[in-house]
Amino acid sequence: MLTDSTSPHLPNDSPLTMSPGFPNSDPPPDFGSHSDQAADKSSNLNAPSQQQGELFETAPPPWELAAQDDVALASIVFSEAPHGPYDYRIPDSMRDDLVAGMRVKVPLGRRKKPIIGWCTETKQGKAAHRSMRDIAEILDTEPLCDAALVRLVLWMSHYYQAPAGQVFDTLIPSSVRANAGTREKTYLLPSPMAKDDELVGSLPTKQQTALRFLIAAGRPMTSQQLSVVAECTQGPITQLRKKGFVQENVRREMNTPTSTRWQVDDGEVEVAHTLTDDQAQALSQVTGALDSGKGRTLLLHGVTGSGKTEVYIQAIEHVVKFGRGAIVLVPEISLTPQTRGRFERRFQSVAVLHSQMTPAERHFQWQRIRSGEVQVVVGPRSAVFAPMPHLGLIVIDEEHDGSFKQDTQPRYHARRVAYARAMSLNIPLVLGTATPSMESWHATATGRAELIKMPSRVGNRPMPDVQLVDLRVRDDRTAGAISRPLHTAVQQTLNENGQVILLLNRRGFATTIQCPACGYVVACPDCDMPLTHHRDGGKAVCHYCDYTIATPPWCPACRFDGIRYGGLGTQKLEVEVKARFPDAVVARMDSDTMRRPGSHQKVLSAFRAGKVNLLLGTQMIAKGLDFPNVLLVGVINADGALHFPDFRAAERTFQLVTQVAGRTGRGDRGGRVIVQTYSPEHPAIQAASRHDYELFAKGEMINRMKFNYPPLGSVARIIIRGVIEEVTEAIADSLLSRLEVARDTLGAEVRILGPAPPPITKLRGKYRFHLLLQSVDANHLGETIRRATKDFKIADKDDVQYVIDIDPMDML
DNA sequence: AGCACGCCGACT
DNA sequence: GTCGGCGTGCTC
């Protein structure tokens, strides 16, 4: 039986452990200490047996009492296996220098070379381990993470079940660890011997003059500099060093060339805009939260074009006034020169972090931020780790965006991490979006977040009109992908010299089974997921639970026998569009054509300049573009996103349609949107067509409730991949039984699904299976996985790997 | 991940 | 009898 979901040995007021957590998680059972014993305890949900365990663990056997001297110890973790933590003795000579957050070199096992590790904690040891070894070397003079960030690392390591060493490596850019763009410089100082006039007087003239110049300078100089001012060669200076008249002082410094690059080039300064009533109201709520000195989450729900950015900026100005800094997270795609310029013109000192930065620049910006001179950091998800010393506010723009979840280990969500960081520092977290994630929306309903509404556009521009085209209506259908009504609208817009955006959400691998006559989709009775058609064997499979049936030859709802399996590519659409509108200049934007860096910007500036009339592409054109001459947006097939085998499919569809609709109606000429669909009555599509988020959220929450999908419950996913299909599946099966055992011994309430083939069955030559775990309590879920995988070893010969994804954002 | 230990087969 | 195959286990 489960007694309590909060761990008894945790301080309950600790902000990172505030219960209930957000979005949808409970406190980490332990993040303060993570020695072996602590890990044992934390994997036990049952409080009474924990106390029992302590009886045995805290009393050392008598023969170890001799080793009980109080020694200085450091807990060290590694980014490579074995990840630790291991305890090392701190030699007396290092005792005052080692701080948590520094890197060290330590001996490990029978290795010849010492290994680099991270210090998570220094402590006074009582029960010394039987084979305690010494720290060999300290690599940093300053910790790379302050105490609060070390705590964040340990929390992330626990929550995402990733080795702490790996989390450190994620937090601290490799360029910082490698000291990119720096060089060791040797400075010269007069030594005590140089004070002895008699000795100095006995030196040869050149050496004497050089030394007198160095003394007169009154500051350390490089031998280069000294040779210039003293008008001599290196010779005399080398002699002075040899004879001991000068001391050497080695310092690591930034190379000069990069150190000016960050500066704003245009020097333009923008003043604060006059706020609309909505904006003023929103701002006062945010500043109120700032002044309260509490960790609070504010969801800023503002329609596209309502001016959220101006609210962020003025809130940050408020923070800056008090000498504190802010972090602004933006989706990868919207880190454009425009976004950057906007912040740079409003603040004296901005650090923009982006993916094209060189290692030296990245390192330089990191140092600037840590020095405290930066007021605002703008960047993608990793900017949540910016080492801002007096952080006062974190803003996440477009908080619903998928790019905030990292898809490699540690698979963290920047919103979840930002929440943990903000709450631990007692500062506000502002989440801004036109289409809140269900997680954030639910948080406002349960009181974990406060809702701020901005329902109208700046200048009171109307929202664009959204027209649904029912593809089931025979008269509107054509042989191609563009219906008659859409064709007419495109032609008309082009005739009026307007620009057109056509959105195709191609996710080719998902072959959902949909009836073209009535729109019916074949779904799994247990998971509510659309089944996916597999050509070989004519089977239809659920990617969550492996439920399988024979693909029905005709529609189960209306008995129509021309059932089809979705799928249309941008290339094919481009051909059709060019044939239909031969006079239009068409550009295509998708991951295939946008592979080269800069091509993105190139196409967009051509579109902005009006050289392109019709822009065709995937999701990437749905976000953030602001072109006043776009009078028509067409969504080729809204169902592609809608009937995707993912419980977030409806949410994605709503977001997609709403965001793409926001690309039009930004000028004086208004704008319209046409959405083609087989399911015009679907709540997500209906709500999007009316620009009614709350209508959507209400309906969607009921759907999520049926199966306890997030945000009502938690989900985790374990992906198992290997070269041999049978072996991979066998290991997935053994992991399943371990999970079941762990769940039952813990008495945890967790539903385990699979192993099932994920939508992407084979990736880079490896077969994949996945296990899905669901629970209303994130702790139960986490503990079950922790226990099941604790000593789970896969033999090398099997060549199978597994990955744990906590709060997965997709099921591919 | 290394690195050594150990337990079975083919060689001088 | 030894050299070496790689399966197994440990690293504070």
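This structure is a prediction, so every number in the text was calculated from the model and none was measured. The sequence lines fix the lettering, A, B, ..., with proteins before strands; numbering per chain opens at 1.
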> Rounded to whole Å, please give me the gap between NZ in A:Lys113 and C1' in C:dT11.
18 Å
> Please determine whether a side-chain nitrogen of the Lys or Arg among A:Asp87 and A:Lys123 lies less than 4.0 Å from a carboxylate oxygen of the Asp or Glu.
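Salt bridge between A:Asp87 and A:Lys123, a charged N being under 4.0 Å from a carboxylate O: yes.
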> Compare the minimum distances between each of C:dT11, B:dA1, B:dC3 and the side chain of A:Arg110, then state the nucleotide with the smallest one.
B:dC3
> Given atom CZ of A:Phe78 and atom C1' of C:dC12, what is their separation to the nearest angstrom?
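For the pair A:Phe78 CZ and C:dC12 C1', the rounded distance is 8 Å.
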> A:Arg133 has a side chain; which of C:dC12, C:dT11, B:dA4 sits nearest to it?
C:dC12
> Could you go through the side-chain contact (heavy atoms from CB on, under 4.5 Å) check for A:Lys405 and A:Asp805 one step at a time?
CA-CA 11 Å; A:Lys405 173 83 194 232; A:Asp805 191 351; 2.7 Å; yes
> Output the rounded distance in Å from CD (A:Glu121) to C1' (C:dC12).
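Those two atoms, CD and C1', are 14 Å apart.
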> In this structure, how many angstroms lie between the P atom of B:dA1 and the CD atom of A:Glu80, rounded?
9 Å
> Nearest-Å distance, NZ (A:Lys793) to P (C:dG7)?
17 Å
> Please state how far atom OH in A:Tyr86 lies from atom P in B:dG2, giving the value in whole angstrom units.
14 Å
> Using a cut-off of 4.0 Å on non-hydrogen atoms, how would the nucleic acid contact of A:Lys797 be classed: base, sugar-phosphate, or nothing?
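Touches nothing.
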> Which whole-number value in Å describes the distance from A:Ile115 CD1 to B:dA1 C1'?
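A:Ile115 atom CD1 is separated from B:dA1 atom C1' by 8 Å.
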> Under 4.0 Å between a side-chain N or O of A:Arg111 and OP1 or OP2 of B:dG2?
yes
> Can A:Arg738 be said to sit on top of A:Phe792's aromatic six-ring, NZ or CZ under 6.0 Å from centre and within 45° of the ring axis?
no
> Tell me whether the side-chain N/O atoms of A:Tyr88 come closer than 4.0 Å to OP1 or OP2 in C:dC12.
yes
> Would you please classify the geometry between the A:Tyr86 ring and the A:Phe78 ring as parallel, tilted or perpendicular, with 30° and 60° separating the classes?
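A:Phe78 vs A:Tyr86 ring planes: tilted.
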> Taking the inter-plane angle between the rings of A:His413 and A:Phe404 on a 0 to 90° scale, is it parallel (under 30°), tilted (30 to 60°) or perpendicular (over 60°)?
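The rings of A:His413 and A:Phe404 sit tilted, inter-plane angle from 30° to 60°.
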> So which one's nearest nucleotide on DNA chain C is more toward 5', A:Asp796 or A:Asp134?
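Final value for this comparison: A:Asp796.
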> Can you measure A:Asp798 atom CG to C:dT8 atom C1' for me and round it to whole angstrom units?
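Taking atom C1' of C:dT8 as the reference, CG of A:Asp798 is at 14 Å.
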